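This one's a predicted model, so the numbers in the text were calculated from it and none came from an experiment.
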Amino acid sequence: MAVPGIIPIAYEPHGRTEAIGLYAEGQFLGSVTYAFPKGFRPDDGWEEQKRLYSVLHTFDAEGNYRDSEIWCAGTWAEQQRDASVLARARARLATGLRGLPRRTYTDIAVRPFELVLDGVLFGLVTGEEDGEPWAELYPDRLGFGPPWDGSYDA
């Protein structure tokens with residue numbers, strides 16, 4: 001079985017996919033997530049390398065990638081000194097979501113896409129391993145696979 005051209009993602013209130021749905025111009029997928037830059041090594045001072053991002057991707061009605069608003073709120077080290085880093089990231093996502101006209105939270109289905117910002121991979125990446133197809137949302141690390149019903153493994 002191959003990876004479908006459009007990957008369903010199930011809306012999960014109060015879960016990791018609580019900020020997905022439809023709006024006047026298509027579909028959206030939002031999250032607040034930590035990420036390390038590509039090539040990170042644990043001996044590099046991980047506290048300064050682990051960054052917290054507010055992420056809002058938009059897609060057209062057919063699931064084609066349109067645009068992203070990605071903003072770094074700070075690092076894990078900053079979060080340990082100042083709890084407002086997480087609050088800032090959540091506030092930024094909330095502002096972005098409020099800017100989407102006629103927004104409703106529901107299941108979506110989008111095509112794979114990739115972009116790199118600050119050395120961090122963002123996107124819905126697909127592949128196959130040992131004959132098993134997969135899709136994974138980065139940097140959130142949500143894994144999707146057969147039966148392709150929108151459920152994920154975290």
Side-chain angles (χ1 to χ4, degrees), residues 1-38 49-76 78-80 82-129 132-154:
M1 173 186 281
V3 175
I6 298 177
I7 312 294
I9 302 174
Y11 169 62
E12 186 178 276
H14 310 293
R16 305 246 339 252
T17 56
E18 69 182 354
I20 69 170
L22 306 176
Y23 76 111
E25 298 174 21
Q27 304 178 69
F28 66 90
L29 187 160
S31 69
V32 170
T33 185
Y34 280 102
F36 288 104
K38 187 175 181 173
Q49 296 295 313
K50 187 175 183 179
R51 302 175 193 141
L52 182 63
Y53 289 92
S54 167
V55 179
L56 182 58
H57 303 296
T58 57
F59 308 85
D60 67 17
E62 289 77 41
N64 297 302
Y65 173 76
R66 180 176 280 152
D67 197 15
S68 295
E69 180 183 304
I70 301 171
W71 181 71
C72 182
T75 65
W76 179 259
E78 291 173 276
Q79 174 71 24
Q80 299 312 298
D82 178 7
S84 68
V85 172
L86 182 56
R88 287 193 310 260
R90 288 180 174 157
R92 181 71 173 245
L93 177 59
T95 298
L97 292 169
R98 281 193 302 274
L100 299 174
R102 298 196 316 268
R103 175 185 75 253
T104 59
Y105 296 96
T106 188
D107 298 349
I108 63 172
V110 300
R111 296 180 190 282
F113 69 101
E114 293 181 40
L115 65 135
V116 176
L117 181 69
D118 297 337
V120 176
L121 174 62
F122 293 88
L124 184 61
V125 179
T126 62
E128 190 174 306
E129 187 173 314
E132 288 295 318
W134 57 266
E136 190 163 348
L137 182 65
Y138 283 92
D140 303 76
R141 304 303 299 234
L142 298 182
F144 302 90
W148 304 105
D149 61 1
S151 60
Y152 62 85
D153 291 326

Legend entry - V55 to L93 - nearest heavy-atom pair and separation: O-CD1, 3.5 Å
Inset, instruction - Start with the C-alpha distance between I70 and L115, add both sets of side-chain angles, then the distance that settles side-chain contact (heavy atoms from CB on, under 4.5 Å), and finish with yes or no. - result: CA-CA 11 Å; I70 301 171; L115 65 135; 3.8 Å; yes
Inset, instruction - Verify, without hydrogens or angle tests, whether E132 (side chain) and E129 (backbone) share a donor-acceptor contact under 3.5 angstrom. - result: no
Inset, instruction - Name the orientation class of the two ring planes belonging to F59 and F113 (parallel below 30°, tilted from 30 to 60°, perpendicular beyond 60°). - result: perpendicular
Legend entry - Non-hydrogen atoms of D118 and R51 that approach each other most closely: O-NH1, 2.8 Å
Inset, instruction - Test E128 against V3 for side-chain contact (heavy atoms from CB on, under 4.5 Å), laying out the working first. - result: CA-CA 8 Å; E128 190 174 306; V3 175; 6.0 Å; no
Legend entry - Considering all heavy atoms, the nearest L124-A135 contact: CD1-CB, 4.3 Å
Inset, instruction - Would you name the heavy atoms of A2 and W148 that are closest together and state the gap between them? - result: O-NE1, 4.1 Å
Inset, instruction - Write down the atom of F144, the atom of G150, and the distance for their closest heavy-atom approach. - result: CE2-O, 3.6 Å
Legend entry - Step-by-step side-chain contact (heavy atoms from CB on, under 4.5 Å) determination, Q79 to K50: CA-CA 10 Å; Q79 174 71 24; K50 187 175 183 179; over 6 Å; no
Inset, instruction - Keeping the roles fixed (side chain from R16, backbone from D140), state whether a donor-acceptor pair exists under 3.5 Å. - result: yes
Inset, instruction - Work out which heavy atom in T33 is nearest to a heavy atom in P139; give both atom names and the distance. - result: CG2-CG, 3.7 Å
Inset, instruction - Please test L97 against R103 for side-chain contact (heavy atoms from CB on, under 4.5 Å), starting from the C-alpha separation and ending with a verdict. - result: CA-CA 8 Å; L97 292 169; R103 175 185 75 253; 4.1 Å; yes
Inset, instruction - Mark yes or no for whether T17, through its side chain, and E12, through its backbone, hold a donor-acceptor pair below 3.5 Å. - result: yes
Inset, instruction - Tell me, please, which residues at least two apart from S84 pass side chain to side chain donor-acceptor pair (under 3.5 Å). - result: D82, R88
Inset, instruction - Look up atom CG in L137 and atom OG in S31, then write down how far apart they are to the nearest 0.5 Å. - result: 6.5 Å
Inset, instruction - For D149 and S151, indicate whether the former's side chain and the latter's backbone hold a donor-acceptor pair under 3.5 Å. - result: yes
Inset, instruction - Taking atom CZ of R111 as the centre, report whether more than 12 heavy atoms of other residues, nucleotides or ligands fall under 6.0 Å from it. - result: yes
Inset, instruction - State the CG-CZ distance between L52 and R90, to the nearest 0.5 angstrom. - result: 8.5 Å
Inset, instruction - Check step by step if side-chain hydrogen bond (donor to acceptor under 3.5 Å, both in side chains) holds for R98 and T95. - result: CA-CA 5 Å; R98 281 193 302 274; T95 298; 3.2 Å; yes
Legend entry - Euclidean distance, D107 CG relative to Y11 OH, rounded to 0.5 Å: 10.0 Å
Legend entry - Distance in Å, H57 NE2 paired with I108 CD1, rounded so as to fall on 0.5 Å steps: 9.5 Å
Check residues 20-29 and write down every donor-acceptor pair under 3.5 Å in which the side-chain atom is one partner and the other belongs to a residue at least two apart or another chain.
residue: Y23; atom: OH; partner: R66; partner atom: NH1; Å: 3.2
residue: Q27; atom: OE1; partner: A109; partner atom: N; Å: 2.9
residue: Q27; atom: NE2; partner: D60; partner atom: O; Å: 3.4
residue: Q27; atom: NE2; partner: A61; partner atom: O; Å: 3.3
residue: Q27; atom: NE2; partner: A109; partner atom: O; Å: 3.1

